[in-house]
Amino acid sequence: MLSEPRSGLFAAWGNALVAGLVSPDDAALAIVGEDAVHRVEGVPGEAGPVGLTLALGRLRALGVTGFRVALPVAGHPLGLSGPPEFNTRALEAEEAVVASGVPYGFVPEVNEAGPAGDLHVEVVWRCLPVREAPPADVPSLGEAERELAEALRDATAVLARLDVAGSGPVAAAAVDAYRARAERGREVLAPGYPPRAVRVLELAQRVGLLVSVAYEHGPGGAVTAAEIAARGEALRPVERVARRAQVAAYNAYVEEAERGWR
């Protein structure tokens, strides 16, 4: 979780557009980010792929009231509501966006070309029918915040006991570098989100970063198979909690709107 998933940017800035806080051009620019181009295929009323600006405008005209994120993995259909075809595509991509107010969802297909460090990235979002039903296993912001605090405390204790690299100075340095980059101007969420959502997303990203560092910097003192297995057991639930919290943060705009916050 060193950076936002594309679905998170799509949902966050799509919600800012729905709220009237940004223009379609500005929303599209933020969603594309460092990629070369994004297109949307299957937009109702359009014969072929169209640019993000046109697609977002069309969706707003159709009555979209917000966008949610899904971050599913095998065995955990986080944020999905069906039908099977959409769920299958979303699981393959490990992310998706689900619209509220209209029965459509969007799954990114990413195409990369060029050498490392100079990649040309094009994204096609496939617009597909979705089932209008509550998303699977998405916590409230309050639940997500409590879960993150508990999971981080428990995992840190286990990783420290196993002398895993991710629990020491390497992890602290990586987190500090990540926070410095964020403070140099990267918005964590688009305009219009409640402060608690920003706080939860920041914590989820930091927890995800800790997990990534623990996986990427060798086994530390976990030199036996049993210790390596214990590390995996400690990290898996933390990853799950971080993904749930990330989805809760991105979905906060829609959740609050449906409760009459706006």
Side-chain angles (χ1 to χ4, degrees), residues 3-72 77-114 119-133 135 138 187 189-193 246-247 249-254 257:
S3 62
E4 296 85 355
R6 289 181 173 88
S7 56
L9 292 172
F10 189 123
W13 289 92
N15 286 330
L17 172 64
V18 170
L21 300 174
V22 298
S23 69
D25 284 336
D26 287 342
L29 186 63
I31 294 167
V32 172
E34 296 182 359
D35 297 337
V37 64
H38 284 215
R39 297 183 179 87
V40 186
E41 185 173 281
V43 176
E46 299 295 333
V50 298
L52 265 177
T53 299
L54 193 158
L56 290 169
R58 176 74 71 184
L59 290 167
R60 187 166 59 172
L62 288 171
V64 67
T65 57
F67 297 94
R68 286 186 169 97
V69 169
L71 296 178
L78 176 61
L80 297 178
S81 59
E85 180 185 355
F86 181 78
N87 286 3
T88 297
R89 286 179 177 264
L91 278 165
E92 290 173 352
E94 295 190 350
E95 62 175 311
V97 175
V98 180
S100 296
V102 295
Y104 302 112
F106 307 86
V107 179
E109 293 183 5
V110 181
N111 298 297
E112 299 179 344
L119 286 177
H120 177 89
V121 181
E122 296 189 2
V123 179
V124 176
W125 294 88
R126 305 290 180 187
C127 179
L128 299 164
V130 296
R131 183 180 298 137
E132 295 183 280
V138 178
E187 282 195 272
L189 279 172
Y193 274 82
Q246 200 173 20
V247 170
Y250 285 123
N251 292 2
Y253 175 91
V254 174

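Classified by interplanar angle (parallel below 30°, tilted 30° to 60°, perpendicular above 60°), the ring pair Phe10/Phe67 is perpendicular.
Leu52 and Ala28 make their closest contact through CB-CB, 3.7 Å (heavy atoms, listed as atom of the first residue, atom of the second, distance). The shortest non-hydrogen separation linking Val130 to Gly105 is CG1-N, 3.4 Å. Taking both residues in full, the closest heavy atoms of Ala12 and Ala190 are given as O-CB, 3.4 Å, listed atom of the first, atom of the second, then distance. Of all heavy-atom pairs spanning Ser7 and Leu71, the tightest one is OG-CD2, 3.8 Å. Of all heavy-atom pairs spanning Ala16 and Pro191, the tightest one is CB-O, 3.6 Å. Of all heavy-atom pairs between Leu17 and Val22, the closest is CD1-O, 3.4 Å.
For Glu41, the salt bridge (Lys or Arg N to Asp or Glu O under 4.0 Å) test picks out Arg126, with sequence neighbours left out.
The structure places CZ of Arg60 at 13.0 Å from OG1 of Thr65, a figure rounded to the nearest 0.5 Å. Rounded to the nearest 0.5 angstrom, Arg58 CZ and Cys127 SG are separated by 11.5 Å. In this structure, CG in Asn15 is found 9.5 Å from CZ in Arg68, a value given to the nearest 0.5 Å. Taken to the nearest 0.5 Å, the OH atom of Tyr250 stands 6.0 Å off from the CG atom of Leu9. For the atom pair CG of Leu119 and CD of Glu34, the computed distance is 11.0 Å after rounding to the nearest 0.5 Å. In this structure, Leu78 CG and Glu94 CD are separated by 11.5 Å, a value rounded to the nearest 0.5 Å.
Using a 4.5 Å cut-off on side-chain heavy atoms (C-beta onward), Val98 and Pro135 make no contact. No side-chain heavy atom of Tyr253 sits under 4.5 Å from any side-chain heavy atom of Leu189. A heavy-atom distance below 4.5 Å is not found between the side chains of Phe86 and Arg131. Proximity of Val40 to Glu46: side-chain heavy atoms (C-beta onward) are nowhere separated by under 4.5 Å.
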Inset, instruction - For side chain to side chain contact (heavy atoms under 4.5 Å, CB included), just list the numbers for Ile31 and Leu56, CA-CA rounded to whole Å, side-chain angles, deciding distance to a tenth of an Å, and then say yes or no. - result: CA-CA 11 Å; Ile31 294 167; Leu56 290 169; 4.1 Å; yes
Inset, instruction - Given side chain to side chain contact (heavy atoms under 4.5 Å, CB included), test Val69 with Asn251 step by step and report yes or no. - result: CA-CA 6 Å; Val69 169; Asn251 292 2; 3.7 Å; yes
Inset, instruction - Please step through side chain to side chain contact (heavy atoms under 4.5 Å, CB included) for the pair Leu59 and Phe106, ending with a clear verdict. - result: CA-CA 12 Å; Leu59 290 167; Phe106 307 86; 3.5 Å; yes
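For residues 79-90, the set of pairs meeting the side-chain hydrogen bond (donor to acceptor under 3.5 Å, both in side chains) definition, not counting sequence neighbours, comprises Arg89-Glu109.
Between the side chain of Glu95 and the main chain of Arg6, a donor-acceptor pair closer than 3.5 Å is present.
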